[in-house]
Amino acid sequence: MNKSLETEGTPVFFRTLTLLFCIFLVSSCASKKISDISYLKKTEALTTSFPELNVFQTQTSEKSPVVIFIHGGYWTSGNKDIYGFLGRNFGKKKMVTVIPNYTLSPNGNYDTMAKEVAAAIQWTYDNIEKYNGNPDQIFLMGHSAGGHLIALVGTNPKYLKNTDMIKGIILNDAAGLDMNSYLKKYPPTKNHNYDVTWTKNQDNWKDASPIYWLSKKVPPFLMFTGTKTYPSIISQNKSFVQKLKTFQPNAKINFLNKKHVPMMRQFLFPWNKNYKEIIKFIEANK
């Protein structure tokens with residue numbers, strides 16, 4: 001099985017993130033964390049408990065731009081509580097952050113996950129004013145599998161009735177942008193629950209691939225890709241941006257000299273220069 005799509009050693013990644021988060025988390029009045037908010041009224045997942053989300057509320061009277069972050073983890077692992085550093089760091093930059101969990105494989109497939117991400121976006125649009133967020137300035141950010149899910153929800157029109165609520169999409173070393181091509185070479189098996197995540201129905205592989213849903217209606221994209229990440233991520237990001245240029249001529253990839261995990265780990269540090277790139281992108285599109 002080709003393992004190039006996602007993070008290997010995921011538990012180590014999570015432990016490292018948790019440790020570094022504890023080290024670098026300092027007391028700050030820039031944001032207030034509200035944990036474990038229910039955002040789903042129903043789900044197709046094979047689970048008895050619904051995923052929830054965390055909100056990092058800015059401590060200002062102004063209505064701030066909102067970043068919804070979707071975590072990675074091979075579509076089989078990951079947890080919203082690991083990524084509180086994003087909420088704290090964006091809070092210092094006067095951004096409200098929403099970090100949802102979503103049902104992981106094998107309890108759900110790509111479609112279940114995408115529908116739940118769409119529900120989190122809709123919840124944010126309907127409720128974020130209570131947390132000092134501006135519902136008309138919502139941006140999506142995702143790493144790895146999370147990048148795939150936000151790209152899919154932001155492009156495939158079946159997931160959101162009103163895509164205008166998304167002002168921009170930030171892909172950080174996004175995996176799975178063209179699952180159709182990938183799975184034709186490496187058909188899904190039980191490894192990593194791919195037979196469940198993507199199903200064995202080839203029609204679903206194309207349905208799951210954001211590259212086939214690009215159009216003039218999709219939001220602006222900001223893309224970061226590691227030069228040392230997995231080859232399939234590099235090739236699919238290149239193909240994606242090449243097609244995106246048809247509709248967004250100035251689209252490009254910001255290549256960083258990093259591997260897949262450090263592409264996320266860099267955001268532990270509030271002074272990381274790519275926060276500035278994200279803020280610049282948000283200011284230009286809000």
Side-chain angles (χ1 to χ4, degrees), residues 28 30-33 53-72 80 83-100 117-118 120-144 146-147 149-151 153-155 160 162-174 210 217-225 237 240-241 244 247-256 263-264 266-286:
S28 170
S31 63
K32 173 185 176 183
K33 180 182 178 183
L53 58 79
N54 295 339
V55 174
F56 290 80
Q57 175 180 349
T58 54
Q59 301 298 286
T60 64
S61 58
E62 301 176 358
K63 298 302 181 186
S64 303
V66 181
V67 176
I68 302 175
F69 175 77
I70 306 299
H71 69 77
K80 63 181 172 54
Y83 298 91
F85 60 88
L86 273 178
R88 300 294 182 191
N89 290 340
F90 276 126
K92 294 172 184 175
K93 303 173 192 308
K94 298 183 179 180
M95 302 282 174
V96 174
T97 310
V98 177
I99 307 178
V117 169
I121 295 169
Q122 187 64 56
W123 179 93
T124 301
Y125 184 78
D126 293 338
N127 295 278
I128 204 62
E129 281 190 284
K130 303 173 188 175
Y131 306 93
N132 292 346
N134 188 334
D136 296 321
Q137 297 180 5
I138 294 176
F139 292 80
L140 308 183
M141 179 179 177
H143 173 247
S144 201
L149 290 171
I150 63 170
V153 170
T155 57
L160 286 175
N162 177 19
T163 55
D164 290 340
M165 72 176 71
I166 301 173
K167 299 305 178 186
I169 298 176
I170 303 156
L171 301 183
N172 183 26
D173 223 41
K217 296 181 179 180
V218 302
F221 279 82
L222 174 63
M223 299 176 64
F224 298 102
T225 305
N237 275 253
F240 186 84
V241 78
L244 180 61
F247 311 106
Q248 299 177 18
N250 295 325
K252 66 175 184 177
I253 297 175
N254 295 278
F255 282 105
L256 306 178
M263 286 294 291
M264 189 66 233
Q266 65 180 319
F267 290 104
L268 278 160
F269 310 102
W271 53 84
N272 181 274
K273 66 179 182 179
N274 291 307
Y275 275 115
K276 294 181 180 179
E277 291 296 318
I278 292 172
I279 300 302
K280 182 179 177 182
F281 175 74
I282 290 173
E283 289 295 323
N285 293 286
K286 68 180 184 179

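- The CD1 atom of I128 sits 9.0 Å away from atom OG1 of T97, with the distance rounded to the nearest 0.5 Å.
- Taking the six-membered ring where the residue is Trp, F240 and F221 present perpendicular rings, their angle passing 60° and hence far from 30°.
- For the pair M264 and D173, the minimum side-chain heavy-atom distance is 4.5 Å or more.
- Nearest heavy atom pair, residue N89 against residue L268, reads ND2-O, 3.3 Å.
- Here the shortest heavy-atom pairing between G72 and S144 reads CA-CB, 4.2 Å.
- N172 is listed as a side-chain neighbour of Q266, based on a closest heavy-atom distance under 4.5 Å.
- Aromatic ring orientation, Y275 versus F90: perpendicular (interplanar angle above 60°, classes split at 30° and 60°).
- By the 4.5 Å heavy-atom criterion applied to side chains, I70 and L140 are not counted as neighbours.
- You'll find the side chain of P65 stays beyond 4.5 Å of the side chain of N134, heavy atoms only.
- Between the CD atom of Q59 and the NZ atom of K32 there is a distance of 7.0 Å, given to the nearest 0.5 Å.
- In this structure, the separation between CD1 on I99 and NZ on K80 is 9.0 Å, given to the nearest 0.5 Å.
- Under a cut-off of 6.0 angstrom, the local environment of NZ in K33 is crowded, with over 12 non-hydrogen atoms contributed by other residues, nucleotides or ligands.
- Closest of all the heavy-atom pairs between L244 and A251 is CD2-CB, 3.6 Å.
- Looking at I138 and K167, their side chains never come closer than 4.5 Å, going by heavy atoms from C-beta outward.
- For the pair K92 and P270, the tightest heavy-atom approach, listed with the atom from each and the gap, is NZ-CG, 4.3 Å.
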### Message
Apply side chain to side chain contact (heavy atoms under 4.5 Å, CB included) to residues F267 and I278 and explain how you reach the verdict.
### Response
CA-CA 11 Å; F267 290 104; I278 292 172; 3.8 Å; yes
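- Contact annotation: the side chain of V66 never approaches that of Y125 to less than 4.5 Å [non-hydrogen atoms, C-beta and beyond].
- If you take CZ on F139 and CD1 on I68, they are separated by 11.0 Å, rounding to the nearest 0.5 Å.
- Across all non-hydrogen atoms, the minimal contact from S64 to V96 is CB-CG2, 4.0 Å.
- Within the 4.5 Å cutoff, no side-chain heavy atoms of M165 are placed close to those of T124.
- Taking each heavy atom of F69 and H143 in turn, the nearest pair found is CE1-N, 4.0 Å.
- When side chains are defined from C-beta on, Q248 counts as touching V218, because their heavy atoms get closer than 4.5 Å.
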### Task
Kindly determine whether K63 and N132 satisfy side chain to side chain contact (heavy atoms under 4.5 Å, CB included), including the steps that lead there.
CA-CA 5 Å; K63 298 302 181 186; N132 292 346; 4.2 Å; yes
### Task
Kindly determine whether T58 and Y131 satisfy side chain to side chain contact (heavy atoms under 4.5 Å, CB included), including the steps that lead there.
CA-CA 7 Å; T58 54; Y131 306 93; over 6 Å; no
### Message
Between V241 and N237, is the side chain to side chain contact (heavy atoms under 4.5 Å, CB included) condition met? List the steps.
### Response
CA-CA 6 Å; V241 78; N237 275 253; over 6 Å; no
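- Here OG1 of T225 is found 8.0 Å from CG of L256. Values are rounded to the nearest 0.5 Å.
- Expressed to the nearest 0.5 Å, how far CG of L171 lies from CG of N254 amounts to 11.0 Å.
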